[in-house]
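Just below is one structure, and these are the notes that go with it.
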Protein chains: 2
Amino acid sequence: MRARNKIRAISGGRQTLTIGQVAQLSGVGIETIRFYEREGLIPEPPRRESGYRDYPPEVVKRIQFIKKAQELGFSLKDAKELLSLRIKPNTTCAVVKTKASQKIASIDEKIQDLERMKSALAKLTTACDERGPISECPILDAVEAGIFQAQSKGEKR
Amino acid sequence: MRARNKIRAISGGRQTLTIGQVAQLSGVGIETIRFYEREGLIPEPPRRESGYRDYPPEVVKRIQFIKKAQELGFSLKDAKELLSLRIKPNTTCAVVKTKASQKIASIDEKIQDLERMKSALAKLTTACDERGPISECPILDAVEAGIFQAQSKGEKR
DNA sequence: TTACGGCCTGTACCCCACTACAGGGTCAAT
DNA sequence: ATTGACCCTGTAGTGGGGTACAGGCCGTAA
C-alpha cells in the first residue's frame, strides 16, 4: 500500500509520467488527456514497451494553459492556435508577429470588458452602502446604459 | 399607414419591439432569444392580442450583456446570477455585497490571467524582433515556467 | 383576397468538450 | 501466482448552448 508510488516518477528516478500522474498533476481526467491528444492539443507521447504513454513533465503545464485559456473564454481551437504560436526557423517573423498582435488585441478587449463589469459591480456595492433612493439594479442600469456598446459615444443614462 | 415596418417601433410611435427586431438589434438569432426566455435569462415579455411577444427595448442590452459575459468565460448560469444581483427591498445588503465581491474577485483573477497571457505574447514578438538565439516558443516557455500556477507563491519566474 | 414575410409552439437535431463504459492487457505487491 | 490498481483501444452517451424545421396563425402591401 505504497501511496508513494504516485509520485515516484516526480521525486526521483524516472523523469517521465504516466497518464494517470499527468491527470492528477494537471487536474483533469485521464480521458480528457487522451481527448486532447486526439484533437492535437498535446503531442502524442512516446510509448513504453507495454504500450503505456510515457509523458515528459512539461505536458502538465501545457494542459494547465489549455484549461486557463478555456476559463478565459477561448475555445480549444483558440488554445491550440495560441500554443502553436512560435518562432520556427522557416516561419517568417512577420507572420508570427501579426498573429500575436491579433491575439493581444483580443485579450485587451476582454480585459476592457472585464473592467467594465467590475466597475458595474463596484457601483452595486457602493449603492448598497449608501442605502439611498437608488435604483434597485445598478448592473442592469449599466447594461442599459450600454456599458459594452455605447461606451465610446459619451452617452449617459 | 405605418411604413418602414422594421424601424417603426424604434424611431417613433410604439415603444416596443418584436422578437425579430430584438434579434437584429442584439445580434443573435430569434431562436436564441426564445431559448434565453425558456432558461430564465430574460423575462417573459407581454404579448399582443395576436400572441406576438412585445419587447421593451431594454431587453437588447440585457442580451448583449449575456453575450459579453459568455465571451469572457462565464456560463449562462453565471450570467443569470450576475444579472440577478440587485438590491431588492427585502434582500439584505450584506448578501448582495458578499455575492458582488465574490464576482469581483473572480473577475480580477481573469484579468490577471489575461495580463499574463498578454505578456507572454509580447515576449514572443520581442523575441521575434531581436532574432537572437532565443527559444523557439516563448509562450510555452512561459507556460513551462508556470505562469498561471506558481505566480502567487512568490516563486521564480 | 391573395401573397408573403414574420411570428407562434413543439420537437428534433447539431457542435463542442468532455465522460463513461466494455473488453482486455500491464505492473507491483502480496 | 494472484490480486487489484492502472493502462490500452474503441465506441457511446452527456450537458451546455444553441439551431433547424414542421405546421400553422398574423399582418399588410398589392
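Chain naming here is simple, since letters A, B, ... match the order of the sequence lines and numbering starts at 1 in each. These numbers were taken from a predicted model, which means no experiment stands behind them.
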So does Lys97(A) get a backbone contact from the side chain of Ser101(A), meaning a donor-acceptor N/O pair under 3.5 Å?
yes
As a test of reading the structure: which of dC27(C), dC26(D), dA17(C) is closest to the side chain of Ser50(B), going by heavy atoms?
dC26(D)
Any heavy-atom pair between the side chains of Tyr55(A) and Ile19(A) that's under 4.5 Å?
yes
OP1 or OP2 of dC6(D) less than 4.0 angstrom from a side-chain nitrogen or oxygen of Gln21(A), does that happen here?
no
Is the charged tip of Lys110(B) near the ring of Phe74(B): under 6.0 Å from the six-membered ring centre and within 45° of its axis?
yes
For residues 29-40 of chain B, which residues have at least one heavy atom under 4.0 Å from DNA chain C?
Ile30(B), Arg34(B)
Tell me every residue that passes side chain to side chain donor-acceptor pair (under 3.5 Å) with Ser106(B), counting only those two or more places apart in sequence or in another chain.
none
Between dC7(D) and Thr18(A), is there an OP1 or OP2 to side-chain N/O distance shorter than 4.0 Å?
yes
Are OP1 or OP2 of dT9(C) and a side-chain N or O of Arg47(B) less than 4.0 angstrom apart?
yes
Residue pair Lys67(B) / Gln70(B), side-chain donor-acceptor N/O under 3.5 Å:
yes
Please check the phosphate of dG18(D) (OP1 and OP2 only) for any side-chain N or O of Lys67(B) closer than 4.0 Å.
yes
DNA chain C: Ser75(A) or Gly51(B), which has the more 5' nearest nucleotide?
Gly51(B)
With distance as the sole criterion, do the side chain of Tyr52(B) and the base of dC8(C) form a donor-acceptor contact below 3.5 Å?
no
Please tell me which of the listed nucleotides, dG17(D), dC7(D), dC18(C), lies nearest to the side chain of Ile19(A)?
dC7(D)
